[in-house]
Number of protein chains: 2
Amino acid sequence: MKIICKKENLIRGLSIVSRAIPVRTTLEIMKCVLIQADGGEMKLTANDTSLGIETRIDATVLEPGSVAIDSALLTSIVRKLPDSDVTIDSDPYNAVSIICEQARFDISGRGTGDFVYLPNVDTDVSVSLSQFTLRNMTNQVIFSISDSDLNAAMSGVHVEIFDDRVRFTTLDGHRISVRVNELKESYDKISVIVPGKTLNDISKILSGDLESTVVLSFARNHIIFEFDRTKVVSRLIEGEYYNIESMLREGYETCVRINKREFLDCLDRSTLLINESDKKPVIIDITDEGMNLRLRSVIGSMNESIPIEKEGKDIKIAFNPKLLMDALRVIDDEEVDIYFLKYNYPCTIKDKEGTYNYVVLPVNFTEE
Amino acid sequence: MKIICKKENLIRGLSIVSRAIPVRTTLEIMKCVLIQADGGEMKLTANDTSLGIETRIDATVLEPGSVAIDSALLTSIVRKLPDSDVTIDSDPYNAVSIICEQARFDISGRGTGDFVYLPNVDTDVSVSLSQFTLRNMTNQVIFSISDSDLNAAMSGVHVEIFDDRVRFTTLDGHRISVRVNELKESYDKISVIVPGKTLNDISKILSGDLESTVVLSFARNHIIFEFDRTKVVSRLIEGEYYNIESMLREGYETCVRINKREFLDCLDRSTLLINESDKKPVIIDITDEGMNLRLRSVIGSMNESIPIEKEGKDIKIAFNPKLLMDALRVIDDEEVDIYFLKYNYPCTIKDKEGTYNYVVLPVNFTEE
């Protein structure tokens with residue numbers, strides 16, 4: 001195989017597919033990116049068997065063929081080459097030369113026989129989404145997946161499509177995060193659990209343009225994302241997702257409208273006093289005078305009041321401030337509405353349009 | 001004590017003195033910054049006994065006094081406060097309140113009785129230098145100090161003043177780095193060894209303006225740096241520095257003029273193939289055709305040629321590329337001159353004006 005391509009294209013392609021290189025593996029071939037050259041382009045593929053990515057870049061193919069090369073080594077070499085055309089040349093023994101201007105590297109490649117190619121998946125349905133929406137929705141729910149191995153569903157994002165809506169849901173036992181967006185067309189109901197890592201990786205690769213689209217195709221055990229010249233195939237997490245409808249309870253006895261920035265900054269300050277060995281909650285006291293936040297630990301105490309618009313009863317309730325902060329950080333609104341029922345019931349941060357719904361469980365507290 | 005000051009001033013002051021807070025210590029008072037309020041300003045002091053820093057910031061002093069506060073805790077609190085006036089209030093029991101707008105923190109301070117104040121040092125001579133020069137010279141030699149405890153002198157920077165010159169020298173057993181700069185006045189000879197950490201810390205604090213000056217004062221066991229509203233007192237390293245004059249040998253049999261950027265990039269590429277367990281050198285082959293660099297390791301091999309202007313004999317010599325790179329990175333010239341004597345003698349990168357002189361030892365090599 002012998003090809004010539006632009007350094008910047010090769011770098012971009014490698015940075016895309018390298019997300020499917022496992023961090024730890026004893027299989028050398030798993031650390032490799034597969035290069036296939038044919039026609040006027042080269043195809044780069046990496047596959048850790050649960051996630052596979054292929055992408056195409058322009059190249060002058062002097063000799064069609066294929067070779068597998070250690071992804072980390074190839075990336076580090078190409079990164080340090082001059083900004084110019086790069087020639088990759090492999091012989092039948094998989095000896096690889098990488099040449100750029102006066103610089104020449106000789107390394108060992110691998111045969112492509114052991115390489116695990118992307119599965120050929122028959123898909124039933126395809127849904128089109130803007131890259132911007134997919135990336136945003138991912139960032140807005142991904143923080144509340146659980147990385148525990150005990151429950152696979154919790155490590156995934158529940159992706160639902162119904163009518164002209166797409167809904168992403170995550171939960172980790174302390175909170176639920178829900179985001180809803182409109183689609184351009186209506187679809188039959190789809191409900192799958194996508195590994196959190198997959199969506200996280202894709203959100204890093206997407207250009208994120210409002211105009212660029214990504215096509216999601218669904219099969220029995222796989223989801224496929226196609227965008228630009230890239231194709232990502234991911235396994236789905238098997239099983240049923242939690243029924244969260246009952247947890248997104250409608251009732252409330254207190255509703256508070258608060259400046260998001262002020263609330264977030266105040267919670268952030270309270271975290272300074274949290275001791276790793278004795279995690280004290282922030283106590284939120286809502287009265288007609290406003291919202292008072294206080295936290296007392298072995299390190300010291302903080303106390304701050306924020307003006308609010310209040311509707312309903314007074315309430316005193318305590319939270320792990322970091323859980324509220326995670327939700328507030330991904331909300332764009334200047335003012336947010338928070339709904340409370342009782343001191344031992346979850347609170348809900350949601351908008352009237354139903355585009356987001358963040359449910360956070362309170363914690364027990366005692367006041368000295 | 002009760003004072004009011006601007007958040008930004010307090011942050012700046014704390015970031016300056018916190019460089020004298022030891023990273024690890026069992027003495028709680030050592031982790032503290034001393035705040036002294038009197039007149040129209042507050043003085044912040046930290047002292048790890050080998051390095052002490054004090055700085056003054058504007059403040060409205062409502063009640064003069066002093067208190068010691070854990071530096072890391074105070075800094076983290078002040079950083080997260082709103083950008084506004086900060087009130088620090090301490091009572092006779094050293095309970096400290098930090099108040100900013102609606103936010104109030106209560107933490108425990110410490111009495112100032114245990115605090116190790118900066119030593120009162122009688123100085124003989126003072127030398128004035130631009131902050132820009134001090135910072136630059138430090139960055140240009142600091143990388144070749146040795147952090148071994150075996151030899152204290154190697155962990156320091158040899159600072160010499162003679163006539164209207166200041167010279168900084170460091171060495172670590174593999175290389176010598178020398179920088180010389182002009183002073184505005186002439187002085188009697190001074191020769192001291194300043195801890196590398198001290199100069200490194202100061203270079204981080206200095207504004208680095210060409211117009212701003214720093215005054216260095218010398219005592220028997222101490223050096224004092226005064227600039228802006230900050231004073232740094234550091235112990236000196238005792239003993240004699242190495243006599244390097246014989247090592248800065250004048251003779252050479254090959255001189256090469258090379259584009260610094262090209263040489264640096266090429267050396268950088270060669271490091272990709274260096275294996276931690278088997279550190280191969282880069283072999284430099286200088287002939288009338290140019291300079292050829294090659295490195296072969298278990299990972300692979302690289303080979304690259306760079307055009308040069310050559311004077312004298314051909315030479316083949318090998319180096320740890322990182323040592324050459326460290327020197328080249330801090331040289332501003334587009335073209336550098338490198339002098340070689342023999343394959344087992346150090347090479348020297350120096351300019352004709354004598355402002356820099358980097359000596360690097362070669363390593364043994366065999367070619368397969």
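Sequence lines set the chain letters: A, B, ... in the order given, protein chains first and strands last, and positions in each chain run from 1. Since the structure is predicted, the reported quantities are computational estimates derived from the model, not experimental observations.
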Taking atom [atom1] of [X] and atom [atom2] of [Y], what is their separation to the nearest 0.5 Å?
X      : Y      : atom1 : atom2 : answer
B:Q102 : A:L293 : CD    : CG    : 11.5 Å
B:E101 : A:E262 : CD    : CD    : 8.5 Å
B:E304 : A:I99  : CD    : CD1   : 12.0 Å
A:F105 : B:N303 : CZ    : CG    : 10.0 Å
A:I77  : B:L273 : CD1   : CG    : 5.5 Å

[X] atom [atom1]: more than 12 heavy-atom contacts under 6.0 Å:
X      : atom1 : result
B:K6   : NZ    : no
B:E334 : CD    : no
A:D332 : CG    : no
A:N364 : CG    : no
B:K322 : NZ    : no
A:K2   : NZ    : no

Looking at A:A103, A:S108, A:S76, A:S305, which one has more heavy-atom pairs under 4.5 Å with chain B than the rest?
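Top count of heavy-atom pairs under 4.5 Å with chain B: A:A103.
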Residue selection (most heavy-atom pairs with chain A, distance under 4.5 Å) from B:I299, B:D106, B:V96
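Top option by heavy-atom pairs under 4.5 Å: B:D106.
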Highest number of heavy-atom pairs under 4.5 Å with chain A: which of B:I107, B:D268, B:L272?
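Looking at each option in turn, the highest pair count goes to B:L272.
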For A:L73, which atoms come within 4.5 Å of any heavy atom of chain B: side chain, backbone, both, or neither?
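A:L73 touches chain B through side-chain heavy atoms alone.
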Heavy-atom distance under 4.5 Å to chain B: side chain of A:S297, backbone, both or neither?
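Answer is neither: A:S297 stays 4.5 Å or more from chain B.
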Please give me the minimum heavy-atom distance between A:K80 and B:R269, naming the atom from each residue.
O-NH1, 2.7 Å
